[in-house]
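Here the structure comes first, spelled out in structure tokens, and everything after it is commentary.
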Protein chains: 2
Amino acid sequence: MSKYDVKQEVTDNFSLSGRVFHNIREDILNGKYKENDELREVAIGEELGVSRTPVREAFRQLELEGLIQIVPNKGAYVTGITRKDVQDIYMIRSLLEGLCARWATENITEEQMAEMEENIFLSKFHAEKGHYDQLAELDNRFHEIMYEACNSKMLEHQLRDFHQYVLRVRKKTLSNVNRGRKSNEEHEQIMEAIKAKDGDRAQALANAHMINAYNNMVKNGLNEDFGEKAQD
Amino acid sequence: MSKYDVKQEVTDNFSLSGRVFHNIREDILNGKYKENDELREVAIGEELGVSRTPVREAFRQLELEGLIQIVPNKGAYVTGITRKDVQDIYMIRSLLEGLCARWATENITEEQMAEMEENIFLSKFHAEKGHYDQLAELDNRFHEIMYEACNSKMLEHQLRDFHQYVLRVRKKTLSNVNRGRKSNEEHEQIMEAIKAKDGDRAQALANAHMINAYNNMVKNGLNEDFGEKAQD
DNA sequence: CTTTGGATAATTGTATACAATTATACGATT
DNA sequence: AATCGTATAATTGTATACAATTATCCAAAG
């Protein structure tokens with residue numbers, strides 16, 4: 001019975017294929033499955049206690065996300081994520097987060113603005129206290145608010161995907177207390193620009209925010225994770 | 001006939017699910033399935049002569065692409081593409097095509113440069129002759145070359161997706177002879193900037209190229225296609 | 001007439017069976 | 001010993017069977 005008492009998030013109420021999808025993706029991003037590893041349907045099915053059907057559905061999704069490559073009648077192979085991939089994603093994100101901040105400036109609702117201000121306030125508090133977990137969560141949430149506020153289903157979708165993609169790498173980064181504080185300051189500036197309806201400034205700040213996050217990540221932590229996979 | 005060595009998407013394989021995926025996507029993009037339509041697994045399976053299994057796999061992919069929404073135990077509903085979506089995609093693409101042109105400037109190979117020059121040359125020829133089909137193909141190919149030349153798997157993937165997404169809308173646009181000629185000129189300028197290793201200029205030109213393509217599209221053709229779905 | 005209850009049908013979710021394809025093992029031939 | 005060919009096993013591709021859930025219909029109650 002203890003097996004079923006394990007705490008599950010409400011949003012984990014997915015279909016089996018959905019759970020399998022998230023599970024495998026996490027395992028690829030975690031490094032459990034490494035580049036060029038072959039994923040076998042039965043093995044993964046048994047590991048997760050499901051049949052091949054949901055596993056195959058998950059495979060198709062992972063293929064579309066570019067995390068695995070399915071070779072017909074042969075197998076599914078992990079594509080992995082190289083150091084250069086991460087770098088490219090951050091460059092792409094910096095442009096799109098900038099655009100998002102601009103659009104958010106034009107479309108943000110009062111409720112969203114209020115939540116953003118609250119987010120900044122809480123982040124300051126938890127930064128003082130050294131509550132890294134809450135800080136990471138608030139950081140995520142800040143970006144989520146912006147994604148919602150930009151009022152663009154397409155852009156929101158893109159940014160959310162990228163966000164997920166580099167989430168693991170970002171975790172480490174934020175546990176650096178200095179970057180956490182600096183990140184908060186940058187969020188606050190972005191928020192102020194949005195509040196002041198200064199789209200140009202919001203865009204530039206959000207753009208720079210991503211570049212800073214990337215540069216900080218490169219300085220500490222990325223090498224040990226991706227050194228063996230580095231291509232460039 | 002022209003070349004077949006054009007790089008294809010992974011899902012273009014000969015598996016049933018791949019075919020079903022492309023089939024449904026095409027039908028959504030060309031309006032056979034409209035917004036909020038419910039897609040039933042057996043109906044589509046029978047129509048394409050396959051069982052539910054490949055249909056379901058295709059559904060999962062379509063959901064990830066944002067073309068349909070799967071409500072657990074209920075059904076799959078077409079999300080559709082609004083006029084605002086198209087506009088947003090073009091804005092996003094303009095940024096990413098700019099980045100792509102910049103990176104292509106830094107990474108393009110001699111072979112790719114040669115093909116790009118050949119592409120420009122052929123485009124001029126077919127524009128003179130009024131060969132719209134070849135012109136559209138060459139236009140697609142020009143962008144494909146840039147996507148490959150940028151040397152970024154991530155960016156290439158993103159741009160290819162967007163490109164596919166708006167392909168149908170673009171078809172009409174290019175059949176406007178004036179836009180076709182203007183587009184060619186812009187391609188040539190981008191090519192020249194890349195050849196001259198002027199990344200800034202290449203980026204700015206590619207950026208503007210997308211904006212122009214969008215503005216032209218809005219001027220003629222978009223309304224009749226998306227008028228009934230327009231939200232804004 | 002509207003509402004409600006439940007039987008029935010339709011649809012999706014999952015597992016399994018079977019076919020097609022590919023990988024592996026192993027002996028025969030050279 | 002190396003290579004080839006074939007039998008066998010392993011794996012993926014597809015279809016189907018069964019379970020779970022949701023939608024529909026219709027009669028009876030108010």
Does A:F59 have A:R56 sitting over its ring (NZ/CZ under 6.0 Å from centre, angle to axis within 45°)?
no
Nucleotides 18-23 of chain C: which of its N/O atoms have a protein N/O under 3.5 Å away?
| unit_1 | atom_1 | unit_2 | atom_2 | d |
| --- | --- | --- | --- | --- |
| C:dA23 | OP1 | A:K74 | NZ | 3.0 |

Who are the salt bridge (Lys or Arg N to Asp or Glu O under 4.0 Å) partners of A:E118, not counting sequence neighbours?
none
What integer distance in Å separates B:L39:CG from C:dT11:P?
13 Å
May I ask you to list the residues of residues 41-49 of chain A, by number, that have any heavy atom positioned under 4.0 Å from an atom of DNA chain D?
A:E41
Are B:H209 and B:E97 packed together at the side-chain level, in the sense that at least one heavy-atom pair is separated by less than 4.5 angstrom?
no
Nearest-Å distance, CD (B:E38) to P (D:dT22)?
13 Å
B:R141/B:E148 ion pair, N-O < 4.0 Å
yes
If the threshold is 4.0 Å, N to carboxylate O, is there a salt bridge linking B:E38 and B:K74?
no
Using the closest heavy atom to pick a nucleotide of DNA chain C for each, name whichever of B:T53 or B:R40 lands nearer the 5' end.
B:R40
Can a salt bridge be assigned to the pair B:R40 and B:E47 using a cut-off of 4.0 Å between side-chain N and carboxylate O?
no
When you measure from the side chain of B:N23 to the backbone of B:V20, do you find a donor-acceptor pair of N or O atoms at a distance under 3.5 Å?
no
Rounded distance in Å - CD1 (B:I70) to P (D:dT22)
15 Å
When you check the phosphate oxygens OP1 and OP2 of C:dT12, does a side-chain N or O of B:R56 lie under 4.0 Å from one of them?
no
Looking at every non-hydrogen atom in both residues, tell me the closest pair between B:C150 and B:L155 and how far apart they are.
SG-CD2, 4.2 Å
